[in-house]
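First up is the structure itself, then whatever we jot down about it.
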Number of protein chains: 2
Amino acid sequence: MGYVDGKPGLRERKKQRTREAISEAAIALFLEQGFNQVSVAQVAEAAEVSKRTLFAYFPAKEDLVTHRLADHETEIARVVRARPPRSAPLPAVRDHFLRGLRERDPITGLNDVPEVRRLHRMILETPSLVARMQRFKAGAESALAQALRETADAPELTARLAAVQIVAVHWALAQDNAARLAYGEKADARCAGALADARFAFELLENGLRDLGAPR
Amino acid sequence: MGYVDGKPGLRERKKQRTREAISEAAIALFLEQGFNQVSVAQVAEAAEVSKRTLFAYFPAKEDLVTHRLADHETEIARVVRARPPRSAPLPAVRDHFLRGLRERDPITGLNDVPEVRRLHRMILETPSLVARMQRFKAGAESALAQALRETADAPELTARLAAVQIVAVHWALAQDNAARLAYGEKADARCAGALADARFAFELLENGLRDLGAPR
DNA sequence: GAGCAAATGTATACCAGGTGCAGAATCAAC
DNA sequence: GTTGATTCTGCACCTGGTATACATTTGCTC
């Protein structure tokens with residue numbers, strides 16, 4: 001275990017390749033036949049690995065799909081930490097999201113590469129996968145709360161409340177985009193609307209719901 | 001199937017009693033030994049029912065615990081719909097939550113009746129139950145969004161964004177209370193703080209995160 | 001490059017949640 | 001009662017996931 005310099009070592013590389021092979025075999029099968037229609041035994045067979053080994057790499061069937069998004073769990077928190085000193089966190093998150101939209105980052109939901117689109121659709125239609133995504137959402141919330149506590153000098157409660165609001169809005173926007181694209185809309189056509197929606201959403205977040213349904 | 005007037009009929013009454021019996025047996029066992037330590041077969045046996053029948057009443061093991069909270073899924077939406085005409089939705093939700101706190105409504109997390117407290121604790125400590133609760137949260141979001149669309153004259157996007165923010169804050173507050181009580185704090189001691197926290201949270205929701213981490 | 005310990009992989013058997021099915025028991029209406 | 005529809009039951013079965021015990025590979029050391 002452990003390598004000090006550059007070379008990851010044959011063992012590590014092989015593990016990584018096995019992991020990739022399993023994941024790719026799994027996603028290909030799932031996209032073809034549906035998540036619930038494919039058993040882990042079939043995935044293991046397709047990846048030429050024993051069932052036990054599969055579970056050594058991915059602790060649950062859902063992880064075969066969601067592990068790719070695990071990195072994004074702390075993304076918002078990282079953006080907040082990386083912002084210029086003495087600047088507000090919210091614009092940093094907003095700008096990052098807008099950039100993601102323009103670059104068609106899959107995490108924004110605005111990516112209609114066929115495989116990505118079908119993957120998003122599959123996730124949306126599979127309750128257990130949606131549940132797994134919610135776990136990431138919860139992780140993103142606490143990571144962001146911690147980042148806000150440490151870098152924005154926000155007290156515990158404020159940090160947590162701000163975090164849940166920001167993450168909730170972030171996800172609502174992404175999910176809206178993903179849902180539209182999953183059922184046919186084109187990313188390029190949706191982009192302008194997505195940008196406008198995002199700007200509006202972050203304004204709402206900044207200004208609060210004061211004007212909501214009030215007798216104007 | 002179906003009864004027109006008063007009498008529910010013997011069959012319906014019996015079904016209801018069976019349902020109660022299963023649920024009570026389940027919760028008693030779960031509180032005693034832990035959710036994952038008790039199998040559905042044991043629950044079925046304790047309720048003197050076959051496993052197959054148990055699953056006819058509760059489609060999944062988790063529902064044995066969470067079905068009681070299903071009614072609360074649309075509670076916030078109902079509060080919004082029931083508010084006086086031409087008033088803002090947010091104060092209605094806030095006042096309802098504050099009232100819930102004072103009345104120790106379990107949904108606010110501020111209830112330390114031993115059984116409720118242990119139930120909350122069990123849920124918090126069991127990932128699959130937490131996941132099930134998230135589903136209610138999602139249901140609450142869409143119900144609230146619809147209520148806002150229909151009664152606050154809010155456009156689609158605004159309604160959804162407001163809904164996810166409100167529900168997120170609501171849950172954060174309740175979860176904070178539940179977590180504190182689950183590990184020993186007393187409801188009466190926590191009440192003042194919970195009220196203050198809730199008022200602060202709803203102010204934040206109204207006024208937005210403008211002041212968050214900005215160079216004051 | 002031979003050999004060894006640690007790490008990985010495999011086969012098998014097993015457990016628990018959940019479903020399909022055929023038939024027994026129950027209920028309600030005539 | 002008899003009949004017809006529900007409901008309940010026992011059973012076999014599938015799938016996700018784990019424990020055990022054993023074989024294989026790999027990296028390192030001498």
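Reminder, nothing fancy here: chain letters follow the sequence lines and each chain counts from 1.
Of the two residues contacting DNA chain D, namely B:Ala56 and A:Asn36, the nearest-nucleotide position lying further toward the 5' end is that of B:Ala56. Both B:Arg52 and B:Lys61 sit near DNA chain C, but only B:Lys61 has its closest nucleotide nearer the 5' end.
B:Val38 comes within 4.0 angstrom of the backbone, heavy atoms only, and of no base.
One can place CD of B:Glu62 at 12 Å from C1' of C:dA16, the figure rounded to the nearest angstrom. Between the CZ atom of B:Phe58 and the P atom of C:dG18 there is a distance of 13 Å, given to the nearest Å. With rounding to whole Å, A:Phe55 atom CZ is found 16 Å from C:dA11 atom P. Protein atom CG of A:Leu54 is 10 Å distant from nucleotide atom P of D:dG16, rounded to whole Å. Look at CD on B:Gln37: it is 11 Å from P on C:dA16, rounded to the nearest Å. For the pair B:Arg13 CZ and D:dT7 P, the interatomic distance rounds to 15 Å; values are reported in whole Å. Rounded to an integer number of Å, the gap from A:Gln16 CD to C:dT8 C1' is 15 Å. Put simply, CD on A:Glu45 is 13 Å from P on C:dT10, counting in whole angstrom units.
Proximity of A:Tyr57 to the phosphate of C:dG9: a side-chain N or O atom is located under 4.0 Å from OP1 or OP2. In terms of phosphate contacts, A:Ser50 brings a side-chain nitrogen or oxygen within less than 4.0 Å of OP1 or OP2 of C:dT10. A close approach under 4.0 Å does occur between a side-chain nitrogen or oxygen of B:Lys15 and OP1 or OP2 of D:dT7.
Side-chain contact annotation: A:Gln16 with A:Glu20, donor-acceptor N/O pair under 3.5 Å absent. At a cut-off of 3.5 Å, with distance as the only test, no side-chain donor of B:Asn111 or B:Arg117 sits close to an acceptor on the other residue.
Nearest to the side chain of A:Ser39, among C:dG18, D:dC8, D:dT15, sits D:dT15.
Contact of A:Lys51 with D:dG17 (side chain to base): a donor-acceptor pair of N or O atoms is detected under 3.5 Å.
For A:Arg104, the salt bridge (Lys or Arg N to Asp or Glu O under 4.0 Å) test picks out A:Asp188, with sequence neighbours left out.
Between A:Asp63 and A:Arg68 no salt bridge is recorded (no basic side-chain N to carboxylate O distance below 4.0 Å).
Within the 3.5 Å criterion, the main-chain N or O of B:Leu157 finds no donor-acceptor partner in the side chain of B:Arg160.
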